[in-house]
Amino acid sequence: MLNHNTALAPLSLDRPAPIAPAAVRDLQQRLRGRLLRPGDDEYDDARKIWNGMIDRHPALIARCAAPEDVVAAVNFARDYELPLAVRGGGHNVAGLAVCDGGLVADLSGMKGIQVDPAGQTGRAEPGLVWGEFDRATQTWGLALPGGIQSTTGIAGFTLGGGFGYLSRQHGLSSDNLLSARVVTADGRQVTASPIENPDLFWGLRGGGGNFGVVTSFEFRLHPLGPVLGGMLLYPLARAPEILRYYRDFVAQIPDELFTILNFMTAPAAPHLPERIHGAAMLAILVCWSGPLDAGEHVLRPLRDFGPPEVDLVGPRPYTVIQTMLDAANPPGKQNYWKAAYLSGLSDTAIETMVDHVARKPSALSKVLVSYLRGAISRLPSGESAYIHRQSPFLLNINAMWLDPKDTDEQIGWARDFWSAMQPFSTGGVYVNFLSNEGEDRVRAAYDADTYDRLVALKNKYDPANLFRLNQNIKPSV
Ligand SMILES: Cc1cc2nc3c(=O)[nH]c(=O)nc-3n(C[C@H](O)[C@H](O)[C@H](O)COP(=O)(O)OP(=O)(O)OC[C@H]3O[C@@H](n4cnc5c(N)ncnc54)[C@H](O)[C@@H]3O)c2cc1C
């Protein structure tokens, strides 16, 4: 049994806490997976996440292998008042998947997935990343709207909303959630669905990891064959003219077409002509998920306009399109993001973006603008805790660099850029793109009614705020 009276030194997020050896042995015995401590061979790898800026030293890392392990980790953190971080894919830019001096419930090894091809549903564990999920579902000719990078975790992604190339056709990942199994702060395992704990089900779809640890997601899946996808590239100098055309083009596209603007420096990659290596470019990423011949027709005006310097659009498996950005976003680099929903792409917004992109101090940095709406916008507001259903564009300024001594300059560029874009912003932000920006910015991810409803849910499911290493909704009790 746990010794609930074990004396612990006061805990801080910055300082490892001494934990009684007997309690640690007891936790290890309860776990099917390994319990890692500083000095263990796998410890340093296990505390690394996608953002190389984050260098934290948890006291314990519980490599969960089953829902029972998650229950044991949650109970341990609660009983010993340890900070608890929950790790899915570890992609969150704010580094919320790992803590200093506390316990990490590391779910990254929980990778089970079962597809029901007849019922077109899938049940997935939270350690899966999108590449793994997509490979499994595409085996059956099915798919779910998921991330535009194959290495992002399905768990944190879905809990914040989750959009990708199929979202204009089929909504957010969380819009396709049918039910979830959740370990709550009191260590119970509950189901959240439209009929069981519907309040929790509402909050899980946009409210992040605030209400419990999800140990399995049940999703509705959709038939999907090859897509027509890839990218069109233009020199940055031509971006204003291209973007004025693009904003009118996307205003009338069918739901099957998803597009993302990607301001980037062209890498020295073999699929790109040498003449553009190292050049500042605007890429338009496209993915058409309807019949291929119809896609050729819909995309033709965009592909003819300009024309692009390079046209890399063609029929491809969805799983290939999902890896298109992987090489540009490897793990371990220094990363800082600033994001905002934009209400439109006015001429001034375009000029402001191009001006700031031209001054980016790192060739690794990029700026993405996703055009959303479609099926996302057709669900009623209040359907879930994700509230930005009518926002057309989502801007994400991704500063990425190598040398930590450049941090101030890189973050300064992202912040200046973001400030200059404020006149064109809806004022809202996507919770999954937040850095560590404080409570006001978490509030900006919701409207006042939704935020109040999330606080009420937090009061009910986690009044002591055990799950606080996230974009935190603070309880009011
Ligand atoms: C390169 C890159 C590309 C991206 N592309 C997209 C995109 O196309 N669309 C999009 O919507 N987002 C995208 N994102 C953002 C992404 O949604 C977030 O980074 C998300 O947090 C990733 O989930 P994760 O499981 O990998 O994160 P983690 O860092 O593991 O976790 C993130 C948060 O979720 C919590 N959490 C994780 N698992 C669970 C669980 N099982 N139960 C409860 N809480 C949990 C964590 O505690 C933490 O607070 C991208 C991110 C990166 C770095």
Side-chain angles (χ1 to χ4, degrees), residues 48-52 54 64 67 70 73-74 83-99 104-108 110 124-130 133 145-167 172-174 180-185 192 203-204 206-217 258 260 262 285 287 321-333 335-337 339 366 368 370 372 376 386 388 394 396 398 400 430-436 442 461-462 466-473:
K48 282 188 193 135
I49 56 171
W50 176 78
N51 187 354
I54 310 296
C64 298
V70 178
V74 165
L84 173 65
V86 179
R87 177 188 182 130
H91 248 224
N92 187 264
V93 73
L96 299 166
V98 66
C99 54
V104 175
D106 178 358
L107 315 181
S108 60
M110 293 175 66
E125 287 192 321
L128 288 162
V129 298
W130 282 111
F133 184 98
I148 61 168
Q149 167 132 351
S150 74
T151 54
T152 305
I154 70 162
F157 182 102
T158 301
L159 295 170
F163 73 90
Y165 292 120
L166 306 180
S167 288
L172 304 169
S173 308
S174 56
R181 291 285 288 166
V182 186
V183 177
T184 51
L204 289 180
N210 271 286
F211 310 106
V213 185
V214 176
T215 55
S216 119
F217 296 88
F258 199 94
I260 304 175
N262 181 9
L285 313 181
C287 178
I321 289 294
Q322 291 288 71
T323 61
M324 195 157 59
L325 295 183
D326 285 10
N329 293 302
K333 304 283 184 279
N335 285 281
Y336 180 81
W337 290 6
K366 57 201 94 49
L368 291 108
S370 301
L372 303 169
I376 301 169
Y386 178 88
H388 306 282
L394 175 53
N396 194 2
N398 292 187
M400 182 189 282
Y430 177 37
V431 73
N432 275 348
F433 286 175
L434 276 173
S435 293
N436 289 307
V442 178
Y461 284 95
D462 185 20
L466 176 66
F467 304 116
R468 61 182 179 278
L469 299 182
N470 42 42
Q471 299 298 349
N472 195 223
I473 309 284

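For ligands, and for the atoms within them, numbers begin at 1 and follow the listed sequence.
Atom numbering of ligand 1 starts at 1 in the shown order; those under 4.0 Å from a heavy atom of Gly162 are 11 (O). For ligand 1, the atoms lying closer than 4.0 Å to a non-hydrogen atom of Arg87 are 30 (O). Those atoms of ligand 1 that come under 4.0 Å of a heavy atom in Pro126, given as number and element, are 41 (N). For ligand 1, the atoms closer than 4.0 angstrom to any heavy atom of Asn470 are 49 (O). Counting atoms of ligand 1 from 1 in the listed order, those under 4.0 Å from a heavy atom of Asn329 are 1 (C). Here is the list of ligand 1 atoms found below 4.0 Å of a heavy atom in Val213: 42 (N), 43 (C). Of all atoms in ligand 1, numbered sequentially from 1 with element shown, those under 4.0 Å from a heavy atom of Gly209 are 43 (C), 44 (N). Atoms of ligand 1 found under 4.0 Å from any heavy atom of Leu469 (numbered from 1 in listed order, with element): 47 (O), 49 (O).
Taking atom 14 (N) of ligand 1 as the reference point, the nearest protein heavy-atom neighbour is Phe433 CE2, 3.7 Å. Scanning the protein heavy atoms around atom 38 (N) of ligand 1, the nearest turns out to be Ala155 CB, 3.4 Å. If you check which protein heavy atom lies closest to atom 1 (C) of ligand 1, you get Gln149 OE1, 3.5 Å. The closest protein non-hydrogen atom to atom 40 (C) of ligand 1 is Val214 N, 3.8 Å. Here the protein heavy atom with the shortest distance to atom 39 (C) of ligand 1 is Val86 CG1, 3.7 Å. For atom 20 (C) of ligand 1, the closest non-hydrogen atom on the protein side is Phe157 N, 3.6 Å. Annotation: atom 18 (C) of ligand 1 to nearest protein heavy atom, Asn432 O, 3.8 Å. Scanning the protein heavy atoms around atom 31 (O) of ligand 1, the nearest turns out to be Asn92 CB, 4.1 Å.
Not a single salt bridge (Lys or Arg N to Asp or Glu O under 4.0 Å) links Lys333 to another residue, sequence neighbours left out.
Residue contacts with ligand 1 for Thr215 are absent, since no atom lies close enough (heavy atoms, distance under 4.0 Å). Residue contacts with ligand 1 for His91 involve both N, CA, C or O and side-chain atoms from C-beta outward (heavy atoms, distance under 4.0 Å). By the criterion of a heavy-atom distance under 4.0 Å, neither the backbone nor the side chain of Ile49 is placed next to ligand 1. With a heavy-atom cut-off of 4.0 Å, Trp130 does not touch ligand 1 at all.
Looking at ligand 1, you'll find an N or O of Phe163 within less than 3.5 Å of one of its N or O atoms. Ligand 1 has no nitrogen or oxygen under 3.5 angstrom from a nitrogen or oxygen of Val93. At under 3.5 Å, a nitrogen or oxygen of Gly88, whether backbone or side chain, sits near a nitrogen or oxygen of ligand 1. Backbone and side-chain nitrogen or oxygen atoms of Gly89 are examined, and one is located within less than 3.5 angstrom of a nitrogen or oxygen of ligand 1.
The nearest pair of heavy atoms linking Val70 to Leu107 is CG2-CD2, 3.6 Å. Considering every non-hydrogen atom in both Pro145 and Ser173, the closest pair reads O-OG, 2.5 Å.
Judged purely by atom type and a 3.5 angstrom limit, Asn432 uses its side chain to pair as donor or acceptor with the backbone of Phe157. Between the side chain of Asp326 and the main chain of Ser150, a donor-acceptor pair closer than 3.5 Å is present.
Remark: distances from the non-hydrogen atoms of Gly212 to ligand 1 include one below 4.0 Å.
Among Trp337, Tyr386, Tyr430, the residue whose heavy atom lies closest to atom 50 (C) of ligand 1 is Trp337. The heavy atom nearest to atom 34 (O) of ligand 1, considering only Gly90, Ala105, Gly156, is found in Gly156.
No side-chain heavy atom of Val182 sits less than 4.5 Å from a side-chain heavy atom of Phe211. Counting heavy atoms from C-beta on, the side chains of Arg181 and Pro67 never come closer than 4.5 Å. Within the 4.5 Å cutoff, the side chain of Tyr386 has heavy atoms near those of the Ile376 side chain. In this structure, Ile321 and Tyr165 have side chains that are in contact, with non-hydrogen atoms separated by less than 4.5 Å. Residues Val129 and Ile154 are not in side-chain contact: their nearest non-hydrogen atoms beyond the backbone lie 4.5 Å or more apart. A heavy-atom distance below 4.5 Å is found between the side chains of Lys366 and Met400. Using a 4.5 Å heavy-atom threshold, the side chains of Met110 and Leu128 count as separate.
Using cut-offs of 30° and 60° on the angle between ring planes, the pair His91 and Trp50 is tilted.
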Self-check item: ring pair (Phe, Tyr, Trp, His ring centres under 6.0 Å) between Tyr430 and Phe163, worked out
Solution: CA-CA 10 Å; Tyr430 177 37; Phe163 73 90; 5.7 Å; yes

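The residue from Leu159, Asn210, Asn92 that alone fulfils the side-chain contact (heavy atoms from CB on, under 4.5 Å) condition with Asn470 is Asn210.
Atom CG of Leu368 is separated from atom CG of Leu285 by 7.0 Å, given to the nearest 0.5 angstrom.
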